Undergrad: 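Here it is: the structure, laid out below.
Every value quoted in this text rests on a predicted model; they were computed, and no experiment measured them. Residue numbers start from 1 in every chain, and the chains themselves are labelled A, B, ... in the order their sequence lines are given, proteins ahead of strands.
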Amino acid sequence: MANEIAIRIKFFSGIDRELKLENYNHEQGLAMNVPAGKRLKWALRTAGMPAFSNHAYFRSGERISTRAKLRNGDEVTCLKPSGGG
Amino acid sequence: MHIPDHYEFLNHSKIISGKCALETIPAELGGYDAQKPLVIALKSVVERGLKKKFIKTFSNSMVVLGGIYDEVREYAGISLAQDAAILFKARGCDSIIALGCGPAVDLAKAVNVLVSEKIDNLSAHYEGAAIKGPLKPLIVVTAGRSNGREAANALVVDNRELVSDFLCPDVFIIDPRMTPGSCGESVAESGATAMAQAFAVLTDRGINPMTAAVAHPAMSYLAEYLAKGVKRPKNRQASVALANASVMASAAYSNSRPGMANLLAGELAEATGISAGRFERIILPSVIAAMLKKKAWIEDDLYLAAAGIDGYAATPAGERTQRGLEVSLNIVGGLKKVLPVSLSEMKVQKHFLEKAAKAAAAKSGKRFTEAECASVLAQAWDAAGKVK
Amino acid sequence: MREVIGSNNRILEIDLSTKKFTVSEINKKDRNMYLGGKGMGLKLLYDRMEPGVDPLGEDNMIAFTMGVFMGSGAPCSGRFEAVTKSPLTGIMTCSSCGGPFGMALKTTGWDAMIIRGKASAPVYLAIDSKGVQFKPAKGIWGKDMNQAEAALLKEGAGALVIGQAGENLVRIANIRSGHRFVGRGGMGAVLGSKNVKGIVAKGGEIKIVPAKKEKFKKIVRRFNKYINNNPVTSGTYRSFGTNSATIACNTTGTIPVRNFTGGSHGEVHKISGETMAERFKTKWDTCKPCTIMCGHKGTIAGEERHIPEYETVHLLGSNLEIFDPVAVSDFNELCSKYGMDTISLGGILGWAMEATEKGLIKTSLKFGSTEGVADMIRDIALCRGIGKDLAQGSRLAAKKYGGEDFAMHVKGLELPGYEPRGAVGHGLGYATANRGGCHLSSYVISIEILFNMANPFTPKWKHYMVKFMENLFAAINSLHICQFTAYAVMFEPFLVKVSPFPLLKVLMGNMAPLAMNLMDVSLFPETWHAILGKHYIPYLGMLKFIKAGERVHVLERYMNTREGISKKDDTLPLRLLTEGRKCDAKEHTVPLEKMLKKYYKSRGYDENGIPKKRLLRRLGIKIQ
Ligand code: SF4
């Protein structure tokens, strides 16, 4: 459909397990087609994520908020905050 | 005059010094049938706006600058040489100009080896392979701090030395538009290095007529202009004189044996990462003091060069050695206000001293003992002879 | 078992040359000013050791110092500090360790131990509450860490051992206690130079009881609540360990790739914490006691192993372009056996791979290939062939063979696993860290990247963030409690917790001093106070606590300046200042000069980076 865009969301920090995604692969992430103009929040909800505020989202290396508008071909990384060592 | 049983002397470089020296570069390149040089410039020289002045001098010439590689900082490493060599080839260059002293010249020599010998790195040469033949024309425009190696038949890249007679630059350009120093400290460091080199040559028992002849004006310029140049680094006359002194001292020294101050300073510089010039300034007075105490015999040339003919003629022959050492001490003393005077002031870790004394003695070819070196360092520790 | 309220305050001073020991006391003033752990270790050596000594000579001293928290039962308090002059950097180095030795020494009745001199033949030290026995180490000298530790543990509750690397004076040699290490700066070589193979403490001779039991209990409850509520300390650390930061750092281009040229890599997920947890079925394997529980073990190559930490994964993995977690674990195991710091080792191997590529040295090492790596690790530990030169650290190896421009160290200490061109404040932290290229001194990347509270590319306010974090961490490491507790203590108290995140971010970006001081870290001094009690020591409020951290940091800086450190050393490898990362089209570099000037000013250093007399006086540091 012309007014749909293709995006990919990669879940880490165990979020994929919490979402109970079947056959989830970290390399591939979750491919989705979403209506053009939708925001990240919408896509996350569609993927089954109940709450977002504690997570971090990155697009092309830059942090984005859940209100960011999605663009065709976007690859979004979704993580929980982490500490390193 | 005494003629040594045997001596050798190499100085391939032409020196062009004075007003409009820069404008002679096209003709010099022409003499080598070259017209597209790659310029390898010190970043600090570029930051001082000297690159622009330099480029301007080519405006009416047939020479086309093939490229300007201005990424050279304090350290000359093979990565930079490789990058510059790629640029050299890509732009079809046929010669090299080093804009600046120290690492810019080392790097220019290394690039010259890479492009002339058509190799990617210097590993074969580090393992002993000789440089096969003449390299591309290399012109050095002196500017910035000298490391005392510019006129030598050697390069140091990645802290490793390559020696070959083909490494001597072809031309030195000493132009008053380029020579003024950025600050008194940098002038003092270059001066201390030149002083330590000229002193080593003039006090070496193996001195020969040529090393003496080349070191002599270096010492004379230092005696007359070092204090002035340090006080007023932008002074053109002094800066030209000191640049000449650096080139000459470097040429003479590369044909001579290192003195104790050079060896010890080299060791401490390696241990601490601080430039050798700073250590030479500190150690040379202690070396001189030890020579005075020992009443060491040296040729009169030192005094003649440092005090000039009038002073020399007015001093009884038996006192000239002593007076030569004293005048040298005064010349170095002139750097007191700009460079540290003691190793303790420089916060050199004491345990380095022992190792430096040992290594310097080992490299001296039995001319100095470890104890002598240690004693000089002990005196240099607090510049008053006391070791805490 | 004898009960001790608060702290022992006893120092065991051992002279190996004379085989004698003395007992001294930590006085109240020093306790107040320098707390314990790191601060106390530095102060003890400051009072006893001349500057300029050879780190591998008899005159160097090494101090092991426990904090007030150790033994009290406070969360994450099973950590102690080692302090000495580093053979790798030639300046002071401090290292925190969570192994069982700390608890054993403290419950043997010692708060600190200082070792000086050199034994005439290899020994190990057996410590009990009366003092020390010097026992010949004949049977264990030459043995690896696993064997040596197993042997020593027959005589006590906790041991410290060195491996062959320490015996061979490898400048990156570490000291081990359990699965934890006194890692950085080559402390293993210092023990090796003194002919000490290990130290074993009997343990269990005394029991520490807090002075204010009820208050302490309440505080611990609050502490645990903070830790358990915080998504980092209770979430990702617990599930995936320190390596949980891998994906975030890779996504933001802040992992080291190919000797710090890359910034990120497509294969990094293969070595992430998540992948390792899944693949190796990890379980906890932590310092004791601990509430956060970041340490993990798992089944790798058919055996139970400690899971490599973030730093190991990146220095021995991505930095060498190796993305095979089993290979990384193999290298890690070799380091645990021979006794070498994995961070420094990875930095050295990265340098060696690039130096090989550039024709400066001849080795079989190659980026992206595991071939020859294990052999080279052995050669370094045993000082064989070129390994002997690499064992001196990347700074000295580069001095000998060249390649100083790509030797990734600061002040001789190899850089950890964060790429500072993607987090410039973290870069400033590397440059100013007292022990050299250290991430733990200020760890500003947590603010810039991991918690996303400040723009990672702007130098704005980074000097303040570095200074604040340096002071805070110096204080925390002097209590001594795990540094990771800071995230819970900083972010869980009411005011920060209820502040909307965007507001905090705006504050941090524009008014960092206000934002940072909003963070209420008073839980730390409150715990301290509950353990020691009012009768012993005046109340240590939050400001005094931070000031104590400042004092510790500045004392260390001052000690280093006596060893010749100044502005010229507060720098970064050229690559980070002049080249962009491959993953970064904008080619960011670290604008160090700008930040450094402001940092010196806010610290009270002169323009050459030397602490001003006024500052030393304000902090009560005696000028020597
Ligand atoms: S959080 Fe990790 S490092 Fe800290 S005490 Fe616990 S196990 Fe040790």
Undergrad: Based on non-hydrogen pairs under 4.5 Å, which of S79(B), G273(B), G77(B) is most in contact with chain C?
TA: S79(B)
Undergrad: Examine distances only and state if a side-chain atom of K399(C) and a backbone atom of N159(B) form a donor-acceptor pair shorter than 3.5 Å.
TA: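 Looks like no, no N/O pair under 3.5 Å.
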Undergrad: Between NZ of K43(B) and OG1 of T578(C), what distance do you get to the nearest 0.5 Å?
TA: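 OG1 of T578(C) is found 8.5 Å from NZ of K43(B).
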Undergrad: Can E127(B) and K362(C) be counted as an ion pair, charged N to O under 4.0 angstrom?
TA: yes
Undergrad: Identify the heavy atoms of S123(B) and G359(C) that sit nearest to each other, and give their distance.
TA: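 Scanning both residues, the minimum pair turns out to be CB-O, 3.0 Å.
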Undergrad: Looking at E354(B), E74(B), R160(B), which makes the most heavy-atom pairs under 4.5 Å with chain C?
TA: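 Greatest number of close heavy-atom pairs with chain C: R160(B).
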Undergrad: Does atom CZ of R91(B) have more than 12 heavy-atom neighbours, drawn from other residues, nucleotides or ligands, at distances under 6.0 Å?
TA: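 No, CZ of R91(B) has 12 or fewer neighbouring heavy atoms, counting only those of other groups under 6.0 Å.
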Undergrad: Select one option (side chain, backbone, both, neither) describing which atoms of S566(C) are under 4.5 Å from chain B's heavy atoms.
TA: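 For S566(C), neither part sits under 4.5 Å from chain B.
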Undergrad: Begin from the C-alpha positions of R73(B) and L574(C) and carry the test side-chain contact (heavy atoms from CB on, under 4.5 Å) through to its verdict.
TA: CA-CA 9 Å; R73(B) 292 173 172 83; L574(C) 204 56; 3.7 Å; yes
Undergrad: How long is the span from the CD atom in Q82(B) to the NZ atom in K358(C), to the nearest 0.5 Å?
TA: 6.5 Å
Undergrad: Can you confirm whether more than 12 heavy atoms, excluding those of D120(B), are under 6.0 Å from its CG atom?
TA: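 No - once you tally the heavy atoms of other residues, nucleotides and ligands closer than 6.0 Å, there are 12 at most.
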Undergrad: By a 4.5 Å heavy-atom criterion (distance strictly below it), what part of L396(C) contacts chain B: side chain, backbone, both, or neither?
TA: neither
Undergrad: Donor-acceptor pair, Q349(B) side chain versus G90(C) backbone, under 3.5 Å?
TA: yes
Undergrad: Would you mind checking which part of A271(B) comes under 4.5 Å of any heavy atom in chain C, side chain (CB onward), backbone (N, CA, C, O), both or neither?
TA: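 Only the backbone of A271(B) comes within 4.5 Å of chain C.
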Undergrad: Under a 4.5 Å heavy-atom cut-off, does chain C meet the side chain of L122(B), its backbone, both or neither?
TA: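 For L122(B), neither part sits under 4.5 Å from chain C.
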Undergrad: Can you say whether K568(C) sits under 4.5 Å from chain B via the side chain, the backbone, both, or neither, judging by heavy atoms?
TA: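 Just its side chain gets close to chain B.
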Undergrad: Between Y126(B) (side chain) and L360(C) (backbone), is there a donor-acceptor pair under 3.5 Å?
TA: no
Undergrad: Are K355(B) and D54(C) ion-paired here, with the side-chain N under 4.0 Å from a carboxylate O?
TA: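 Salt bridge between K355(B) and D54(C), a charged N being under 4.0 Å from a carboxylate O: yes.
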Undergrad: Could you check whether atom NZ of K358(B) has more than 12 heavy atoms from other residues, nucleotides or ligands sitting under 6.0 Å from it?
TA: no
Undergrad: Once you round to the nearest 0.5 Å, how far does CG of D158(B) lie from CZ of F406(C)?
TA: 6.5 Å
Undergrad: Say you draw a straight line from CG of D405(C) to CD of E71(B); how long is it, rounded to the nearest 0.5 Å?
TA: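 Atom-to-atom, D405(C):CG and E71(B):CD are 11.5 Å apart.
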Undergrad: Starting at OG1 of T272(B), measure out to CG of D569(C) and round the result to the nearest 0.5 Å.
TA: 9.5 Å
